[in-house]
Student: 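Here you go, one structure.
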Amino acid sequence: MDSLVEAFRLIITLDADLFEILWLSVRVSLVALFISAIIGLPLGTWLAIAQFPGRKFCILLLNALMGMPPVVVGLMVYLLLSRSGPLGWMGLLYTPTAMIIAQVVLITPIIAALSNQVIEHLHQEYSDTFYSMGVTGRRAVAAYLVDARYALTTCILAGFGRAIAEVGAVIIVGGNIDHLTRVMTTAIALETSKGNLTLALALGAILLTLSLLVNALVIGVREYAAKRQYA
Amino acid sequence: MPNPLLPIRISDLRLIKGDRPVLGGVDLMIDTPGITVIMGPNGAGKSLLLRCLHGLIKPDQGHITLGQLKVPESRSWQAMVFQQPVLLRRTVLQNLAFAAPEIAKSSPQRLLQALDAVNLAELVNQPARMLSGGEQQRLSLARALLSKPALLLLDEATASLDPASVLLIESLLKAQSAHGTKVILVSHDQGQARRMADEVVFISNGQVAEQGPAKEFFTSPETPMAQAYLAGELLF
Amino acid sequence: MKNLFIAATLALSTPSLADTIIVQSTTSTKNSGFYDYLLPMIKKDTGIQVNVVAVGTGQAIKNARRCDGDVLLVHAKEAEEKFVADGYGEYRQDLMYNDFVIIGPDTDPADVAGASDVIDALQRIEQAGAKFASRGDDSGTHKKERALWQEAGIDPVEGSGQWYLETGSGMGATLNTGVGLSAYVLTDRATWITFANKQDAVIAFEGDPTLFNQYGVIPVSAEKCPSVNREGAEIFARWLLSETGQATIVSYKVDGKQLFFPNAN
């Protein structure tokens, strides 16, 4: 009960540490999301419309990568960024950048695979017309991305959800260092291991609220788009 | 100026779907300007022939030449309007701008003129997919005409549209044809064929059964199939 | 692509100071709030920003072997001495100690409270068929526990999954599991005192000198790992071992109880 009171006190008093953690969570996940979208959306789109041998295999691989355990991703990125690893000279381990990299590896396949499905559907509708208008290559990719924009928000949202809720990868490469790499999920893990279950739960509730707000916003935008026949 | 895509020569065009030949050796030569209407019963292969002509389907056998060109290279002189208009999820004006980015940049006024020509001037900023079926098809036609094609292909483009839209589209096609664009129209609307055709190609069972000037075809069709079709009998 | 990462780095990294060090540490010191108390003072006295990565001792040593830390602060003396002997550590110094305790349900089904020593206590647990939750993660606590079982002549792994439960997790997670299953758990006292989810669990056995828990501090070798902040690590270690540092360790109390006892020479 004390922890619950404590959690509310933290929120109501706009506790600086809590907001630092929350803000880092959002920043890291948004930057990761931005990079993943820049890679994943064109990749998924290109795989939907390109024709080359091995295309099906690439899509299969993407779908498999979607289910990659965060801990494995964390470990891979750790070995890469470790001071004795190939990119160790960059000194990125235990920084927010390392967490961003891990999240990018984690959610790019999700965004690519989901957008691939969306664009494949749209491609069935548009392909004849695009051929007829001579629209190919980059112009086609760009057009699909623009026209599927509202459906793609859902793909991006799925990526954001995974990124912001993920703990296994960021705790390995970030180290859960106070005031440096502590985010909501690693803070929850820490409070759980300290036995502060109610506080951990309250932090989880804050994360859930954030997630709800983002979802509500996107659903609102999509509803509007559907009404205007843009979706 | 002579039409660069004429004459259109199709020789021994064959297309197999599954194990059924759907085009069984089409031989056809179209060398007159004006409007050619391809007619024939359902499933005869009219649309498939049109799609081969546009390069949307690669035939299993046979050759198509348009003027000096073969099919893929000729595409940029062609335009096609489909039965189901496919419009981007954007505004009316943006749909045109997407089809002709150079024009949109250099003389955007031309886009508005093109919309005016199909009576859509007042809907420029509407989402294209909110338009009625007739309006959507008019927009498709305006889009197809932007590239000033030498050959315009229409696949049942006016089926199930409102009469006002049909009338507008038909008059635009006639005007276009008068300006030198070759128009090939697939239709099973006999009334439309009578109103529009300078030449008729009658297809049945994946082959050309009859070809000739429209007047002759409608007054004295040569083949029993064409006679039965014009008499309104069900053919299959 | 590269530009994006650089932009992201610029946007997010706190300015990387030469006087920032990374300490690979055991969880017990972190979870008990020890660093929250200590680090601001170190920052004030020496200007050094200390970033603590808290993992099990085994993991901490492995990370340090990969040069991913400037200082090691753990509690498994044998493994620490091997680390230094292998050339990965500059030197090892005793820093402080506390002790291990066995916690269990207040009903004490194995009557551990009546045990003469810790070996007897473990034997009672095995004979009673009571549950025992183990870290199972090669941490300092885990190493200590396995050594005690061996001394007791019991191979608990034979009962793994039945009465001997290896969580493969940190101290806190293992305590949560142990408390939830009414199992006995070997834990360091500091973590137990600060652990908030005790429910009906209590300290069932304590006080055997064998349960002594020594913490050591090791600056990572600059020869093996040229990238380390050797200077910062040295200042940090010196401060801890100094009179000021040792006095600070004494003054850290939770609920009026001192958690760590300094014993630097």
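Sequence lines set the chain letters: A, B, ... in the order given, protein chains first and strands last, and positions in each chain run from 1. The structure presented is a predicted model; accordingly, all values stated were derived computationally and were not measured.
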Student: Tell me, yes or no, whether the heavy-atom count around C:K131 atom NZ, taken from other residues, nucleotides or ligands under 6.0 Å, exceeds 12.
Tutor: no

Student: Let me know if C:S227 has heavy atoms under 4.5 Å from chain A in its side chain, its backbone, both or neither.
Tutor: both

Student: Quick one: CG on A:N196 to CG on C:N31, what's the gap to the nearest 0.5 Å?
Tutor: 9.5 Å

Student: If we ignore hydrogens and angles and just use 3.5 Å, is the side chain of A:S84 paired with the main-chain N or O of C:R66 as donor and acceptor?
Tutor: yes

Student: Taking side chain as everything from C-beta outward and backbone as N, CA, C, O, which of these in A:I171 sits under 4.5 Å from a heavy atom of chain C? Side chain, backbone, both or neither.
Tutor: neither

Student: Under 4.5 Å from any heavy atom of chain A, what part of C:L175 do you find: side chain, backbone, both or neither?
Tutor: neither

Student: Can you tell me how far CG of C:D36 sits from NE2 of A:H179, rounded to the nearest 0.5 angstrom?
Tutor: 7.5 Å

Student: When you look at CG of C:D200, are more than 12 heavy atoms from neighbouring residues, nucleotides or ligands closer to it than 6.0 Å?
Tutor: yes

Student: To the nearest 0.5 Å, tell me how far A:D178 CG sits from C:N51 CG.
Tutor: 9.5 Å

Student: Between C:Q59 and chain A, with a heavy-atom cut-off of 4.5 Å, which part of the residue counts as in contact: side chain, backbone, both or neither?
Tutor: neither

Student: Around atom CD of C:E166, are there more than 12 heavy atoms from other residues, nucleotides or ligands closer than 6.0 Å?
Tutor: yes

Student: Between C:D70, C:T191, C:T194, which shows the greatest number of heavy-atom pairs under 4.5 Å with chain A?
Tutor: C:D70

Student: Of the backbone (N, CA, C, O) and the side chain (C-beta and beyond), which part of C:K30 lies under 4.5 Å from a heavy atom of chain A, both, or neither?
Tutor: side chain

Student: Under a 3.5 Å cutoff, is there a donor and acceptor pairing between the side chains of C:N63 and A:Y78?
Tutor: yes

Student: Any non-hydrogen side-chain atom of C:V53 less than 4.5 Å from a side-chain atom of A:I177?
Tutor: yes

Student: Does a sphere of radius 6.0 Å around CZ in A:F57 hold more than 12 heavy atoms from other residues, nucleotides or ligands, not counting ones at 6.0 Å or beyond?
Tutor: no

Student: If only atom types and distance count, is the side chain of C:N176 paired as donor or acceptor with the main-chain N or O of A:T192 below 3.5 Å?
Tutor: yes

Student: Of the non-hydrogen atoms in A:Y94 and C:I22, which two are nearest, and what is the gap between them?
Tutor: CD1-CD1, 3.6 Å

Student: Check whether more than 12 heavy atoms from other residues, nucleotides or ligands sit under 6.0 Å from atom CD of C:Q199, and answer yes or no.
Tutor: yes

Student: Side chain, backbone, both or neither: which part of C:V228 has a heavy atom under 4.5 Å from chain A?
Tutor: both

Student: Just wondering, are more than 12 heavy atoms of other shown residues or ligands nearer than 6.0 Å to NZ in C:K82?
Tutor: no

